[in-house]
Protein chains: 2
Amino acid sequence: MDGRSDHSNYRADNKVNSTQNLQSGDRQPRRYSSEESRRLLIEATLDSIVEVGFSSTSVSEIVTRANLSRGMVHLYFDNKDALLVAAARHSAEVYYGTLSEQLETAGSSPQEILETIILGDLGEELLNERTIKIWFAFRGEAHANGAIAQYSDTRDDYLRDLIFKAFAEIAAAQKMSEPEKVARDATHGTLALLEGMWTDYLLHHDSFSRASAARIIFRFLSALFPRHFNLDGASAAKNQPCTSS
Amino acid sequence: MDGRSDHSNYRADNKVNSTQNLQSGDRQPRRYSSEESRRLLIEATLDSIVEVGFSSTSVSEIVTRANLSRGMVHLYFDNKDALLVAAARHSAEVYYGTLSEQLETAGSSPQEILETIILGDLGEELLNERTIKIWFAFRGEAHANGAIAQYSDTRDDYLRDLIFKAFAEIAAAQKMSEPEKVARDATHGTLALLEGMWTDYLLHHDSFSRASAARIIFRFLSALFPRHFNLDGASAAKNQPCTSS
DNA sequence: GCATAAAATGAATGCATGTCCATAAATTTG
DNA sequence: CAAATTTATGGACATGCATTCATTTTATGC
């Protein structure tokens with residue numbers, strides 16, 4: 001009838017009928033799961049941001065990468081912007097999820113908590129070529145899109161509080177004057193150092209070294225809290241008891 | 001003849017004839033200086049990035065803000081991309097120009113140099129709502145545009161070297177073991193702290209305090225070099241002679 | 001004050017974009 | 001197995017985009 005009857009051709013050429021078994025590896029099989037399509041679109045969005053940049057990430061780019069049709073974006077998201085926000089949100093969730101996992105298997109001393117956060121934040125899983133591009137792409141657009149801004153901060157109140165409590169305990173044990181002020185500054189400074197290392201990774205990717213970044217942070221911390229840190233991290237926690245009691 | 005004869009209408013309504021004296025303040029007068037038009041386009045580009053974001057910065061946005069016609073962009077720049085690169089370059093030049101000025105009027109002791117850089121980098125002139133949006137917008141696009149990447153780093157080799165030499169002198173005066181290594185780490189750490197404070201300003205603009213940011217950096221530095229820094233900066237340089245001789 | 005060059009204009013072009021929607025296939029339900 | 005529902009498609013549309021260029025205005029040289 002109309003020129004659209006080649007839908008079925010396309011389907012026959014490129015897709016198979018069942019979710020379970022796919023044959024022609026050319027394209028992905030039909031999915032028939034809205035959750036999976038949503039995830040595919042989000043992943044394709046992030047892929048596009050990584051490979052061609054935020055401003056070249058169009059709906060066409062996204063659906064091509066996801067091997068889906070144009071309409072899908074507006075079937076699962078209100079509009080392109082909502083998809084971008086969902087992608088930002090997804091990235092933030094992955095970041096916190098991964099860090100939380102790592103914290104669960106870590107020790108509970110303040111030094112070990114801090115070491116886990118620092119090494120985790122600088123580790124391959126959270127800081128790599130893909131994630132750094134995504135984070136900075138979103139941050140670059142954050143001020144023009146409030147919803148994205150909400151998810152473009154990796155250092156939220158929960159994490160900040162965790163770090164502060166750890167430093168507060170250490171500062172108290174070290175019997176410093178104004179331990180709370182010291183802990184507050186140490187928290188702010190450590191987060192700034194981590195952010196700075198991320199920026200360094202973005203801008204000087206070739207010369208960046210995770211080991212150096214960690215050593216530098218621990219050097220600053222061991223200068224502030226000599227009895228609790230050394231250049232290799234929170235080794236004081238392992239070698240000697242450090243709580244004041 | 002053709003519909004274009006209303007050029008003169010537009011001119012008569014909105015412009016005046018002389019470069020020297022403008023009368024109707026409605027629009028800018030004709031300029032007749034290519035340099036000035038270039039600058040206007042660059043400034044308009046930066047304005048647009050600040051106000052509507054990088055991905056909404058179109059040629060139309062730019063020429064409207066500059067009160068120039070569409071064709072001007074391609075008269076003075078090869079294309080839109082070249083204009084964006086020129087804008088990034090301009091921003092970098094302003095950053096270094098301002099910092100260099102401040103360094104010229106500063107003292108020459110290593111502490112004073114470091115204090116000048118730190119306070120300058122965190123000062124209103126270099127770090128404000130406009131500049132932070134511009135820097136992060138460019139950084140967000142940097143990985144998709146090599147030419148922009150070139151100008152999106154505020155911490156280049158010259159500045160890094162200046163900081164390193166200052167720390168090396170301090171470390172030597174303090175007779176530390178491995179003074180060069182310490183100086184290298186202090187340089188990297190200080191730059192990371194500054195970058196982190198910029199990120200903090202971007203993401204938590206409301207709660208950001210320049211004084212706190214500076215105090216935190218000096219707290220870290222005074223822990224590393226207790227004889228040369230205190231919480232207010234490099235006051236050791238003013239109160240007591242600090243060179244080892 | 002005329003000729004020439006420089007500066008500036010904005011309509012026109014073609015292409016890419018985000019969104020919509022009529023259609024169709026796959027799956028589930030009754 | 002038919003009806004209803006869910007999942008998926010891609011052509012069509014209006015809009016906006018970067019870019020081009022014939023034309024006009026202003027400035028400069030002679």
Side-chain angles (χ1 to χ4, degrees), chain A residues 1-22 27-41 45 48 52 54-64 66-84, chain B residues 1-22 27-41 45 48 52 54-64 66-84:
Chain A
M1 317 279 158
D2 56 16
R4 268 182 256 161
S5 53
D6 52 354
H7 274 208
S8 42
N9 283 341
Y10 171 78
R11 184 69 46 79
D13 285 344
N14 303 302
K15 305 248 178 177
V16 292
N17 295 331
S18 160
T19 314
Q20 325 289 358
N21 11 316
L22 64 147
R27 301 209 181 191
Q28 299 199 14
R30 226 195 207 247
R31 257 154 271 94
Y32 269 81
S33 152
S34 58
E35 267 312 307
E36 206 178 331
S37 293
R38 273 182 64 96
R39 173 113 91 233
L40 271 170
L41 285 168
T45 304
S48 173
V52 302
F54 192 96
S55 57
S56 295
T57 292
S58 62
V59 171
S60 305
E61 270 285 341
I62 293 166
V63 295
T64 302
N67 268 313
L68 293 171
S69 59
R70 301 188 59 65
M72 292 289 270
V73 166
H74 301 87
L75 182 60
Y76 291 117
F77 300 92
D78 285 353
N79 47 43
K80 183 197 174 189
D81 207 62
L83 170 54
L84 289 171
Chain B
M1 320 270 161
D2 55 16
R4 270 182 258 160
S5 55
D6 51 356
H7 275 208
S8 42
N9 281 341
Y10 171 79
R11 184 68 46 79
D13 287 341
N14 301 304
K15 305 249 178 177
V16 294
N17 295 331
S18 162
T19 314
Q20 324 288 0
N21 7 316
L22 65 148
R27 302 208 180 191
Q28 300 201 13
R30 219 183 209 261
R31 256 155 271 94
Y32 267 79
S33 151
S34 58
E35 268 312 307
E36 205 176 334
S37 293
R38 275 183 61 97
R39 172 114 92 234
L40 270 172
L41 285 168
T45 303
S48 173
V52 303
F54 192 95
S55 57
S56 295
T57 292
S58 62
V59 171
S60 305
E61 271 285 340
I62 293 167
V63 296
T64 303
N67 268 314
L68 294 172
S69 59
R70 303 188 59 65
M72 293 289 269
V73 166
H74 302 87
L75 182 60
Y76 291 118
F77 300 91
D78 285 351
N79 47 41
K80 184 195 170 189
D81 207 63
L83 170 54
L84 289 171

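Reminder, nothing fancy here: chain letters follow the sequence lines and each chain counts from 1. Worth saying up front: this structure is predicted, and the values here are computed from it rather than measured.
- Across all strands, A:F77 comes closer than 4.0 Å to no nucleic acid atom at all (heavy-atom distances).
- One finds no side-chain N or O of A:Y76 lying less than 4.0 angstrom from the OP1 or OP2 phosphate oxygen of D:dT7.
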* Based on Watson-Crick and G-U pairs with both distances under 3.5 Å, what dot-bracket line describes DNA chain C 5' to 3', crossing pairs as [ ] and inter-strand pairs as |? -> ||||||||||||||||||||||||||||||

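- The shortest non-hydrogen separation linking A:L68 to A:S37 is CD1-O, 4.3 Å.
- Partners of A:R70 according to the side chain to side chain donor-acceptor pair (under 3.5 Å) rule, which considers only residues two or more places apart in sequence or in another chain, are A:S60.
- The interatomic distance linking B:M72 (CE) with D:dA18 (C1') rounds to 17 Å, in whole Å.
- In this structure, A:R38 atom CZ and D:dT7 atom P are separated by 12 Å, rounded to whole Å.
- The line from CD of B:E36 to OH of B:Y76 is 10.0 Å long, rounded to the nearest 0.5 Å.
- Comparing A:V73 and B:G71 by the nucleotide of DNA chain C whose heavy atom lies nearest to each, the residue mapping closer to the 5' end is B:G71.
- Atom pair A:E35:CD and D:dT7:P shows a separation of 10 Å (rounding to whole Å applied).
- Counting all heavy atoms, side chain and backbone alike, B:F54 lies closest to A:S55 at CE2-OG, 4.1 Å.
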Which pairs, protein N/O on one side and nucleotides 15-17 of chain D N/O on the other, fall under 3.5 Å?
{"from": "D:dC17", "atom 1": "OP1", "to": "B:S58", "atom 2": "OG", "distance (Å)": "3.4"}

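- You'll find that the side chain of B:H74 is closest to D:dT19, out of D:dT19, C:dA8, D:dG10.
- Taking the side chain to side chain donor-acceptor pair (under 3.5 Å) definition, one finds that A:D81 meets it with A:N145, sequence neighbours left out.
- Per the geometry, CG belonging to B:N67 stands 15 Å off C1' belonging to C:dG10, to the nearest Å.
- Taking 4.0 angstrom as the limit, B:S34 places none of its side-chain polar atoms (N or O) nearer than this to OP1 or OP2 of C:dA6.
- B:S48 pairs by the side-chain contact (heavy atoms from CB on, under 4.5 Å) definition with B:V52, B:T57, B:E61, B:R65, not counting sequence neighbours.
- Scanning all heavy atoms of the two residues, the minimum distance from A:S69 to A:V63 falls at O-CG1, 3.5 Å.
- Taking atom CG on B:D78 and atom P on D:dT19, their separation rounds to 10 Å, with Å as the unit.
- Residues satisfying the side chain to side chain donor-acceptor pair (under 3.5 Å) test with B:S58, not counting sequence neighbours, are none.
- When the side-chain nitrogen and oxygen atoms of B:S37 are compared with OP1 and OP2 of C:dA8, one or more of them lie within a distance under 4.0 Å.
- Across the protein-nucleic acid pair, A:L83 atom CG and C:dT19 atom P stand 10 Å apart, rounded to whole Å.
- For B:N79 and D:dT19, the CG to P distance is 5 Å, given to the nearest whole Å.
- If you take CD1 of A:I62 and P of C:dT19, they are 10 Å apart, rounded to a whole angstrom.
- When every heavy atom of B:T45 is checked against every heavy atom of B:L41, the shortest pair comes out as OG1-O, 2.7 Å.
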